*Asks:* 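Here it is: the structure, laid out below.
Small disclaimer: the values here were computed from a predicted structure and weren't measured.
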Amino acid sequence: MTADPPLFRAPPAAEIAAALERRVRRRVDAAPTPQLADLVADTLFHERKRLERDDATPHYADAIEAAAQAVRSLSRPALEQAVAALVRCYAYEIHNPFSVRTYRAATRILPGTLTRLLSGARPRELLTGNFDPASRIVISGPLETLRRMAAEHTLILAPTHVSNLDSPLIGYAAFAAGLPPFAYGAGLNLFSNPAMAFFMQRLGAYTVDRRKRNRLYKDTLKDYSVEVIGRRHHSLFFPGGTRSRSGRLETRLKKGLLGTGLAAWQESLAAGRRDGEVFVVPCTLSIGLVLEAETLIADALAEEGKQRYIITDDEFSDARTVASFVRSLMRLDAKVHVVFGAPMDVVGNPVDAGGVSLDPGGRPVDRRGYVTAAGGQVVPDEQRDHLYTERVAQRLSEAYQRDFVPQSTHVVAFAAWEALRAAHPGLDTWRLVRLHPDQAVVPRGVVSARVSEAMSRLATQQTALPSTPEAAVDDALRAFASFHRRRAVDARGGELRLSPELLLYYQNRMVGYRELR
């Protein structure tokens, strides 16, 4: 472990709110009155629909009413005041003051705290415990390079997302790797767990209310991210936006927050700052069992999650279920792999250990030339920036596939799914997942042979597999029997009985394996 990383000193909420107001005012001043009225009307439309189901604070209700009056009057001063009032409400809701004292206290007790935190313990119960996460969490990647870069520059950590347990897991992994704390957006529903809320509010989490879908709120979130990065607070985004419903490694990434790193970097260039470099770091989580797998795959199959964009009643919502899941992992002696990938700049170029950008041939390239004119001044260009952010997203997807560490549950589920498809060649995915239990049966020997083939194909990349196919099958069977109500794969004599929905979820993590064939 290196020396303690430098810690971000968070400004008070009033300072952040004022900064966000200044940002939105610059856009408002440049917008014609009809466009400004459309922005406020969009907020009213979405928020009035939402507030039919949800309660509003008195202050926010007043801001909404003032916005309605401004739209009716079409008075520009009233519209500008309405926007400013709404942004203030959003800023105070989003911002949580990072506490250096709490961070230092948490890191002292973190090894014994993690399991209790994941188990939904009360804050006062988080002070004792002797569990060592290092025995179960394997951390790898160019850690020394990342530690040096974090001391001199600003990092954006971009992990895959499989579970609501990812945030404390990544927080521990960053701490264990000697990296500083990261600011990250956490869904409002996660703050319903008292223990999670107590620490998240003080350790870098800012609140994201995904029920708010109006443009002004989304713009405020982006402004907040640009402001935080510009203040040299390392940030974490889940580029997939939400947990992977299907279980697949993310390939369709959301560009909104991801693009705020590029915006913050350009602002630092325009200001002539020497400490404004920003780098993006992929982070791939490889977990053999996923707490919410049954709910997530069911949601994915319901028109790929469109029926319920926000899941508030999955397995994570019950503290006893979370505790049961953690105990199951402890009994299995299961390992979680956290792979920090090679860093890149905010236009998608790889960078060397010194932070120098490299072209496809490995030659140094001046990244400032991507966004500046001949005289060195930054040239705004939204379309260009969108293309650069698209490029970063593509590089992240490639890193996730490269750095993923297959485990026995993934490989055995993949082999069993392939065997099931071969046994029912006329059925598509949707019919396979609805097979009668008596039809969802495959010979164990067939699955073992497919596992053997997969292990041979995966021989050149890192895996967390036992040494033999039979041992991998046994390991997966133990894992699947440990927690879920339904077993993705269950042994009955020489046959394996399958739960196709859950099987699909775990095998989906191996979708990229087909490219190796």
Side-chain angles (χ1 to χ4, degrees), residues 106 110 113-115 117-120 133 136-141 155-177 179 181-193 195-197 199-200 203-208 210 234-250 253-254 257-258 281-293 295-297 299-300 305 310-312 314-317 319 321-322 325-326 329 334-341 396 399-400 403-405 407 409-410 483 505-506 508-509:
L110 190 55
T113 297
L114 185 64
T115 298
L117 180 61
L118 297 182
S119 301
R136 307 289 169 83
I137 301 174
V138 181
I139 302 167
S140 60
L155 301 184
I156 293 174
L157 191 62
T160 57
H161 197 9
V162 294
S163 169
N164 279 331
L165 300 178
D166 293 346
S167 294
L169 170 62
I170 295 170
Y172 167 76
F175 163 72
L179 296 174
F182 289 79
Y184 63 97
L188 182 65
N189 59 302
L190 296 184
F191 291 87
S192 62
N193 181 318
M196 294 286 282
F199 279 91
M200 287 166 58
L203 298 181
Y206 56 90
T207 307
V208 178
R210 294 190 178 92
H234 306 287
S235 292
L236 182 155
F237 309 139
F238 290 110
T242 185
R243 294 165 292 174
S244 173
R245 300 295 206 262
S246 67
R248 295 188 180 195
L249 288 163
E250 291 90 338
L253 306 184
K254 295 184 180 297
L257 286 179
L258 194 58
V281 181
C283 181
T284 306
L285 305 181
S286 302
I287 304 173
L289 281 179
V290 175
L291 169 66
E292 309 100 311
T295 299
L296 291 173
I297 190 61
D299 204 51
I310 306 167
I311 301 176
T312 59
D314 61 18
E315 294 84 345
F316 185 80
S317 62
T321 303
V322 178
F325 176 75
V326 173
L329 290 182
K335 287 186 171 18
V336 173
H337 287 256
V338 182
V339 181
F340 291 94
L396 287 173
Y400 296 155
D403 295 340
F404 173 61
V405 180
Q407 304 203 28
T409 49
H410 308 126
F483 174 70
Y505 177 87
Y506 283 102
N508 273 343
R509 212 66 176 169

*Asks:* Can you find a heavy atom in the side chain of Leu169 that is under 4.5 Å from one in the side chain of Val336?
*Replies:*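 Side chain of Leu169 against side chain of Val336, heavy atoms only: contact under 4.5 Å found.
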
*Asks:* Would a distance-only check, ignoring hydrogens and angles, find a side-chain to backbone donor-acceptor pair under 3.5 Å from Arg509 to Gly247?
*Replies:*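 Here the side-chain-to-backbone pair exists.
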
*Asks:* Donor-acceptor pair, Asp166 side chain versus Val162 backbone, under 3.5 Å?
*Replies:*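 Yes; at least one donor-acceptor contact below 3.5 Å.
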
*Asks:* Could you label the plane-to-plane angle of the His234 and Phe182 rings as parallel, tilted or perpendicular, counting under 30° as parallel and over 60° as perpendicular?
*Replies:*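 Judged by the thresholds at 30° and 60°, the geometry between His234 and Phe182 is tilted.
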
*Asks:* Do you know the tightest heavy-atom contact between Leu253 and Gly240?
*Replies:*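 Smallest heavy-atom distance, with atoms named: CD2-N, 4.0 Å.
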
*Asks:* Please report the C-alpha distance between Ile170 and Phe238 in whole Å, then the side-chain angles of each, then the deciding distance to 0.1 Å, and finally whether the side chain to side chain contact (heavy atoms under 4.5 Å, CB included) criterion is met.
*Replies:* CA-CA 11 Å; Ile170 295 170; Phe238 290 110; 3.8 Å; yes

*Asks:* Side-chain contact, heavy-atom cut-off 4.5 Å: Arg243 with Asn164?
*Replies:*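 SC-SC contact between Arg243 and Asn164 confirmed.
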
*Asks:* Do the side chains of Val338 and Ile137 get nearer than 4.5 Å, heavy atoms only?
*Replies:*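 A side-chain contact exists here, since the closest heavy-atom pair is under 4.5 Å.
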
*Asks:* For Thr284, does its backbone N or O pair with a side-chain atom of Asp403 as donor and acceptor, under 3.5 Å?
*Replies:*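 Checking the backbone N and O of Thr284 against the side chain of Asp403, no donor-acceptor pair under 3.5 Å is found.
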
*Asks:* Do Ile156 and Val281 have side chains that approach each other closer than 4.5 Å (heavy atoms only, starting at C-beta)?
*Replies:*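 Answer no - side chains too far apart.
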
*Asks:* Let me confirm one number: the OG1-CG distance from Thr295 to Leu291, rounded to the nearest 0.5 Å.
*Replies:*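 Atom-to-atom, Thr295:OG1 and Leu291:CG are 8.5 Å apart.
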
*Asks:* Any chance you could measure Leu157, atom CG, to Phe340, atom CZ, to the nearest 0.5 Å?
*Replies:*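 Going from the CG atom of Leu157 to the CZ atom of Phe340 covers 5.5 Å.
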
*Asks:* Ignoring hydrogens, what is the shortest heavy-atom contact between Pro239 and Tyr400? Give both atom names and the distance.
*Replies:*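 Heavy-atom minimum between the residues: CG-OH, 3.4 Å.
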
*Asks:* Tell me the closest heavy-atom pair linking Gly185 and Val208, and the distance in Å.
*Replies:*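 So the two residues come closest at CA-CG2, 3.8 Å.
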
*Asks:* For Leu165 and Val290: C-alpha separation, side-chain torsions, deciding distance, then whether side chain to side chain contact (heavy atoms under 4.5 Å, CB included) applies.
*Replies:* CA-CA 9 Å; Leu165 300 178; Val290 175; over 6 Å; no

*Asks:* How about Tyr184 and Ser235: do any of their side-chain heavy atoms sit closer than 4.5 Å?
*Replies:*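 Counting from C-beta outward, Tyr184 and Ser235 never come under 4.5 Å.
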
*Asks:* Of the non-hydrogen atoms in Ser163 and Glu292, which two are nearest, and what is the gap between them?
*Replies:*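 Where Ser163 meets Glu292 most closely, the heavy atoms are OG-OE1, 2.7 Å.
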
*Asks:* Backbone N or O of Ala293 within a donor-acceptor pair of the Tyr506 side chain at under 3.5 Å?
*Replies:*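 Not confirmed, Tyr506 side chain does not pair with Ala293 backbone.
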
*Asks:* So which atom in Ser246 and which in Asn508 form the shortest heavy-atom distance, rounded to 0.1 Å?
*Replies:*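 Answer, listing the atom of Ser246 first, then Asn508: O-ND2, 2.8 Å.
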
*Asks:* Measure from the ring center of His337 to the ring center of Phe404 and say whether it is less than 6.0 Å.
*Replies:*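 Centroid separation for His337 and Phe404: 6.0 Å or greater.
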
*Asks:* Is it true that a side-chain atom of Gln407 and a backbone atom of Lys335 form a donor plus acceptor pair closer than 3.5 Å?
*Replies:*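 Checking the backbone N and O of Lys335 against the side chain of Gln407, a donor-acceptor pair under 3.5 Å is found.
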
*Asks:* How far does NE2 of His161 sit from SG of Cys283, to the nearest 0.5 angstrom?
*Replies:*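 That separation rounds to 12.0 Å.
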
*Asks:* Looking at every heavy atom in both Arg245 and Thr242, which two are closest together, and how far apart are they?
*Replies:*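 Minimum heavy-atom contact is NH1-OG1, 3.0 Å.
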
*Asks:* The test is side chain to side chain contact (heavy atoms under 4.5 Å, CB included); show your working for Thr409 and Ile287 and say whether it passes.
*Replies:* CA-CA 9 Å; Thr409 49; Ile287 304 173; over 6 Å; no

*Asks:* Judged by modelled atom types alone, do Thr160 and Glu250 share a side-chain donor-acceptor pair under 3.5 Å?
*Replies:*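 No, because no side-chain N or O of Thr160 sits under 3.5 Å from a partner of the opposite role on Glu250.
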
*Asks:* With the side chain counted from C-beta on, respond yes when Ser244 and Tyr505 share a heavy-atom pair under 4.5 Å apart, and no when they do not.
*Replies:*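 Contact flag for Ser244/Tyr505 side chains = no.
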
